[in-house]
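Working notes for the structure below.
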Amino acid sequence: MANGLGKGGRKKTGNKLTAMMQVRNEAGRYLEAVLADLSGFVDEIVIVDDASTDDTPELAASFEKVVKLVRNKESLFHKEWLLREQLWRAAEETSPDWLLAVDADEFYEEYTKGTLRELINQDEYDTVSFRMYDFWDSVTHYREDEWWNLHQRPMMTLVRYLPGYHYAYPKRAHHATRLPFTYSAFPGLDTELRIKHFGWAGSAEERRAKYDRYMKLDPLGQWGNLGHYASILEPNPRLIRWQERDRHDE
């Protein structure tokens, strides 16, 4: 159509891509690199800082593409669904076209970044799912075994924003979904495009601290699997070397 609108008034051209992220005490980790990377391929970034006690808010505010930064005085980490919902509402206020839900330790593969404009400038689907790889003990290898295989199935992280639709999150104190569950009603695209998750790539001590935090938040496995939590401490997990792809690999 001449006005760039397709089915149901969905824009087929000129869509704005907004990244949204919740953070807490991420200074000195991956946040600066993630924000620098995002700034190269998204139009805007929205951040909710969950009562950081370090320089995370100041670091976030230093990036030009961070157009909205909300700072919580008290942490909502123990009520994660409320934190996710708060982030969603903050992003809504920026009049987004598409929202990319990113954590502060995730990097989109170069090839994946090169496809995003094509993915959002269409009217056939409203959600896009990617493959999330959990890097382990380094940024050169990812883990793949019984408990760590998220990359074997698509994960929704990119969605079209449709004003007026009812967006809702399930009430989960831990491991809350990063996007409203009501998106399951929309047509979606599952891809083989890849995301690198570096949250487990640090030291054994850092992984132990995350395990201890999980067990404190969810000692009975109400929000997750206790076997999966225990696998964090596996001394010799199966690791596979990462190989970066480009368009010529397709």
Side-chain angles (χ1 to χ4, degrees), residues 4-23 30 34-48 65-68 83-134 150-163 165-170 175-199 245 247 250:
L5 295 181
K7 300 175 183 177
R10 288 162 167 80
K11 288 171 60 177
K12 296 178 65 175
T13 60
N15 279 288
K16 180 174 68 172
L17 179 57
T18 302
M20 62 178 192
M21 179 190 306
Q22 62 187 48
V23 296
Y30 300 104
V34 167
L35 289 175
D37 190 50
L38 284 173
S39 295
F41 68 93
V42 306
D43 299 302
E44 296 182 349
I45 304 172
V46 175
I47 294 177
V48 169
K65 289 208 173 170
V66 176
V67 297
K68 190 175 185 66
L83 190 57
R84 292 290 187 186
E85 189 173 82
Q86 181 188 24
L87 177 59
W88 180 263
R89 303 307 175 201
E92 278 189 312
E93 294 174 0
T94 67
S95 301
D97 292 320
W98 281 79
L99 289 163
L100 186 68
V102 186
D103 280 354
D105 50 18
E106 294 172 359
F107 295 85
Y108 280 69
E109 188 174 22
E110 287 298 320
Y111 173 72
T112 302
K113 290 187 288 188
T115 69
L116 288 175
R117 292 295 160 179
E118 180 181 347
L119 290 172
I120 66 176
N121 285 319
Q122 49 70 38
D123 65 349
E124 297 297 321
Y125 47 83
D126 299 320
T127 74
V128 183
S129 297
F130 302 87
R131 307 287 173 148
M132 181 79 70
Y133 286 74
D134 288 305
L150 183 61
H151 56 278
Q152 294 179 358
R153 57 191 182 276
M155 176 180 177
M156 183 195 308
T157 63
L158 176 63
V159 295
R160 187 194 306 270
Y161 179 70
L162 296 170
Y165 186 74
H166 175 63
Y167 295 105
Y169 283 81
H175 293 314
T177 59
R178 65 174 68 190
L179 288 164
F181 73 86
T182 43
Y183 265 106
S184 61
F186 292 123
L189 176 69
D190 293 341
T191 76
E192 299 297 323
L193 300 169
R194 305 191 297 179
I195 304 170
K196 298 180 282 188
H197 174 224
F198 287 173
R245 294 190 305 178
R247 289 187 179 274
E250 290 298 302

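Atoms considered below: every heavy atom in the structure, side chains included; atoms not considered: hydrogens, waters and symmetry mates.
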Is any side-chain heavy atom of [X] closer than 4.5 Å to a side-chain heavy atom of [Y]?
X    : Y    : result
L17  : L158 : yes
L193 : V128 : no
T157 : L100 : yes

At their closest point, which heavy atom of [X] faces which heavy atom of [Y], and how far apart are they?
X    : Y    : value
V42  : K65  : O-NZ, 2.7 Å
Y183 : Y161 : OH-CA, 3.8 Å
A104 : V23  : CB-CG1, 4.0 Å
T127 : G188 : OG1-CA, 3.1 Å
P170 : T177 : CD-OG1, 3.5 Å
M132 : R178 : CE-NH2, 3.9 Å

So, the side chain of [X] versus the backbone of [Y]: is there a donor-acceptor pair under 3.5 Å, distance only?
X    : Y    : result
T191 : S129 : yes
E85  : Y169 : no
R160 : Y125 : yes
Y167 : L162 : yes
T182 : H166 : yes
Y108 : F41  : no
D105 : H197 : no

Quick test of your reading of the model: are [X] and [Y] salt-bridged, counting only N-O distances below 4.0 Å?
X    : Y    : result
E192 : R131 : yes
D103 : R84  : yes
D43  : R117 : yes

How far does [atom1] of [X] sit from [atom2] of [Y], to the nearest 0.5 angstrom?
X    : Y    : atom1 : atom2 : answer
K11  : I120 : NZ    : CD1   : 9.0 Å
L150 : F130 : CG    : CZ    : 13.5 Å
K113 : T115 : NZ    : OG1   : 11.0 Å
R10  : D126 : CZ    : CG    : 4.0 Å
F107 : I195 : CZ    : CD1   : 12.5 Å
T112 : K196 : OG1   : NZ    : 9.0 Å

**OP:** Could you walk me through whether R245 and E109 pass the side chain to side chain contact (heavy atoms under 4.5 Å, CB included) test, one step at a time?
**Re:** CA-CA 8 Å; R245 294 190 305 178; E109 188 174 22; 3.4 Å; yes
Original post:
What residues form a ring pair (Phe, Tyr, Trp, His ring centres under 6.0 Å) with F181, not counting sequence neighbours?
Top reply: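 If we apply the ring pair (Phe, Tyr, Trp, His ring centres under 6.0 Å) test to F181, skipping adjacent residues, there are no hits.
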Original post:
Pick one: which of T13, N15, D97 meets side chain to side chain donor-acceptor pair (under 3.5 Å) with N121?
Top reply: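 Running side chain to side chain donor-acceptor pair (under 3.5 Å) over T13, N15, D97 with N121 returns exactly one hit, N15.
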**OP:** Evaluate the criterion side chain to side chain contact (heavy atoms under 4.5 Å, CB included) for residue pair V34 and F198; output intermediate values, then yes/no.
**Re:** CA-CA 11 Å; V34 167; F198 287 173; over 6 Å; no
Subject >> Counterpart residues, side-chain hydrogen bond (donor to acceptor under 3.5 Å, both in side chains), relative to E44 (two or more places apart) >> reply: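 With neighbours one apart ignored, the set is K16.
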